[in-house]
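Heads up: the structure comes next, in structure tokens.
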Protein chains: 2
Amino acid sequence: MMTEHPQRRTTRQRTAIGEFLAHAGDFRTAQQIHEQLRMGGDRVGLATVYRTLQSMAEGGEVDTVRTADGESAYRRCTTSGHHHHLVCRSCGRTEEIMAKAVEAWAATIAAQHGFTDVTHDVELYGLCARCGATSTR
Amino acid sequence: MMTEHPQRRTTRQRTAIGEFLAHAGDFRTAQQIHEQLRMGGDRVGLATVYRTLQSMAEGGEVDTVRTADGESAYRRCTTSGHHHHLVCRSCGRTEEIMAKAVEAWAATIAAQHGFTDVTHDVELYGLCARCGATSTR
DNA sequence: GTCTTCATGAGAATGATTATCGATCACAAC
DNA sequence: GTTGTGATCGATAATCATTCTCATGAAGAC
Ligand SMILES: [Zn+2]
Ligand SMILES: [Zn+2]
Ligand SMILES: [Zn+2]
Ligand SMILES: [Zn+2]
């Protein structure tokens, strides 16, 4: 299959981004990461943040989602395999979801319609317990 | 609740876009619609296409998805209620999917984690029977 | 240390989407 | 049919996330 990562050098910038993601609990956009690294004193170029996140995503080191307004957000998940997310629309808190049932459903539906090589996109959005209570006004 | 559409005037442009979508079977981006309307002789401004699609989406007249590279694509679906899609990655052919099971699953998972006011995003992508056969090369 | 090659970053370029704002048009009332 | 008025249009400028360029810096191998 030849899917070896050629050779990824461990640079100061790549390390900084990796550690940032390790501590941030929820999804962050490239712009947010860039700004926060700057504020933290790390000198990292915006282009580098984009490039690094992209390569991390390819390598499966981070997960990606699209925000409502189309921006890409990244997160280092603790679950290693394929999974989905339950994201708080208000504070961003994220729960990782594994659902064999959904995987099976997707495969079945696809087969019924004659589709092959199927992938899926499944994300849940809502208000977490804390935010839901607050917004009760 | 007051969700009345104030007053949507039937203009030449709005009609053209509506009919275009009625005949196109799959998802199309605003840019594609604009270009194809132009080629068909309809004089419609790009800004108008964007505005119209947005208002149609709000009114539930069309469904929206994000393409892999972040563009919004629109489609007039035959199913009236909430549903999902199974899209061919190669030719764009689209099947509408209704899945009570998934709706229930989403609600359950959300509740288990204390989330409320939950919505979800569920789309399947694959190769349709025709495209899958062709690419067997 | 030297060398080869990849990574970086400031700034320009791209490209989709949105905002402007005067000109036009839909349509309800006469 | 005319008219009044406010919604709609559209050419174009403005936004803004993301990508590209390319000269310079730094990893890693020997
Ligand atoms: Zn929350
Ligand atoms: Zn899955
Ligand atoms: Zn196909
Ligand atoms: Zn659903």
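Proteins get letters first, then strands, A, B, ... in listed order; numbering begins at 1 in each.
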Item to check | hbond_proxy B:R51 side chain to D:dG10 base (donor-acceptor, 3.5 Å cutoff) | outcome: yes
Checklist entry - When the nearest nucleotide of DNA chain C is assigned to B:R12 and to A:V49 on a heavy-atom basis, which residue is associated with the more 5' position? => result A:V49
Item to check | From D:dG10, C:dT18, C:dG9, nucleotide with atom closest to B:Q54 side chain | outcome: C:dT18
Item to check | Side-chain donor/acceptor of B:H83 to backbone N/O of B:G81, under 3.5 Å | outcome: yes
Item to check | From D:dT18, D:dG10, C:dT17, nucleotide with atom closest to B:T48 side chain | outcome: D:dG10
Next on the checklist: The side chain of A:Y50 is closest to which nucleotide in this list: D:dG10, D:dT18, C:dC27?
Outcome noted: D:dT18
Checklist entry - Taking atom OH of A:Y74 and atom CD of A:E61, what is their separation to the nearest 0.5 Å? => result 13.0 Å
Next on the checklist: Between B:L124 and B:V87, is there a side-chain heavy-atom distance shorter than 4.5 Å?
Outcome noted: no
Next on the checklist: Taking 4.0 Å as the cut-off, does a side-chain nitrogen or oxygen of B:T10 come that near to OP1 or OP2 on C:dC27?
Outcome noted: yes
Checklist outcome for this item: Rounded to whole Å, CG of A:D69 lies from C1' of D:dC16 at a distance of 11 Å
Checklist entry - Where along residues 32-43 of chain B does a heavy atom fall under 4.0 Å from DNA chain D? => result B:R38, B:R43
Item to check | SB check A:E96 A:R75 (cutoff 4.0 Å) | outcome: yes
Checklist entry - Nearest-Å distance, CD (B:E71) to C1' (C:dT14)? => result 12 Å
Checklist entry - Roughly how many Å is it from CZ in A:R14 to P in D:dG28, rounded to a whole number? => result 12 Å
Checklist entry - So, does A:E35 use its side chain to make a donor-acceptor pair with the main chain of A:Q32 at under 3.5 Å? => result no
Item to check | Short side-chain N/O contact from B:Q31 to OP1 or OP2 of C:dG15, under 4.0 Å | outcome: no
Checklist outcome for this item: Of the candidates C:dA26, D:dT18, C:dG9, the side chain of B:R9 sits closest to C:dA26
Checklist entry - Between B:T11 and A:T11, which is nearer to the 5' end of DNA chain D once each is assigned its nearest nucleotide? => result B:T11
Next on the checklist: Within the 4.0 Å heavy-atom criterion, would you say A:S72 contacts the bases, only the backbone, or no part of the nucleic acid?
Outcome noted: sugar-phosphate
Next on the checklist: Between A:R12 and A:D42 (salt bridge meaning N to carboxylate O under 4.0 Å), is one present in this structure?
Outcome noted: no
Checklist entry - Within this structure, what is the CZ-to-P distance between A:R8 and C:dT5, rounded to whole angstrom? => result 18 Å
Checklist entry - Is the backbone N or O of B:V44 less than 3.5 Å from a side-chain atom of B:H34, with the two atoms forming a donor-acceptor pair by type? => result yes
Checklist outcome for this item: Whole-Å distance, B:L46 CG to D:dA14 P, equals 17 Å
Checklist entry - Using a cut-off of 4.0 Å on non-hydrogen atoms, how would the nucleic acid contact of A:T29 be classed: base, sugar-phosphate, or nothing? => result nothing
